[in-house]
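Read the structure below first, then the notes.
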Amino acid sequence: MVKRRNGGTGIEQIDSTKALDLLRDDAERIKKLIRNQENSLCIAQCKAFEEVVDTQMYGLSRQVAFAIRLGIVDNQTGQQLMADLEKDLNQLYSEVYEDQRTPEIGKEA
């Protein structure tokens with residue numbers, strides 16, 4: 001367990017389970033960012049959107065690294081969290097690109 005200051009009012013205990021839950025919540029927010037993007041063309045062609053996702057991924061990777069350094073998340077668990085997120089994001093991107101390549105029924109290619 002790690003002790004941290006809680007707004008100067010006392011010390012709060014943070015266990016590794018809570019830290020990992022918070023990191024997983026942040027990973028879910030990144031996935032939702034992509035899932036909630038209604039315009040799949042923006043995902044595929046918009047550099048600004050790609051940069052937002054990259055920035056979010058970088059931020060999460062720094063949070064994971066910090067949690068590992070504090071000893072509240074072990075290295076293997078932290079690396080697995082990032083690998084799982086990257087795998088999920090790659091799947092989401094693949095689905096978007098596949099949807100764009102599939103011609104609509106009734107339209108000529």
Quick check for you: to the nearest 0.5 Å, what is the distance between [X] atom [atom1] and [Y] atom [atom2]?
X: M57; Y: L85; atom1: CE; atom2: CG; answer: 4.0 Å
X: K18; Y: I72; atom1: NZ; atom2: CD1; answer: 10.5 Å
X: L89; Y: Q91; atom1: CG; atom2: CD; answer: 10.5 Å

Q) If we only count heavy atoms from C-beta on, is the F66 to R62 side-chain gap below 4.5 Å? A)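 They are not in side-chain contact.
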Q. Mind checking whether D21 and T17 have side chains closer than 4.5 Å, heavy atoms only?
A.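 When only atoms from C-beta onward are counted, T17 and D21 do touch, with a gap below 4.5 Å.
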Q. For V73, which of L81, V64, L23, L22 qualifies under side-chain contact (heavy atoms from CB on, under 4.5 Å)?
A.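 The passing option is L23.
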Q. In chain order, what residues pass the side-chain contact (heavy atoms from CB on, under 4.5 Å) check against D74, with sequence neighbours excluded?
A.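 With sequence neighbours excluded, D74 shows a side-chain contact (heavy atoms from CB on, under 4.5 Å) to Q76, T77, given in chain and number order.
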Q.
Any donor-acceptor pair under 3.5 Å linking the side-chain atoms of D84 with those of Q80?
A.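 There is such a pair between these side chains.
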Q: Please report the closest heavy-atom contact between I68 and G78, naming both atoms and the distance.
A: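 Heavy-atom minimum between the residues: CD1-CA, 4.2 Å.
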Q) For Q56 and L33, which heavy atoms make the closest approach, and how far apart are they? A)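 Scanning both residues, the minimum pair turns out to be CG-CD2, 4.3 Å.
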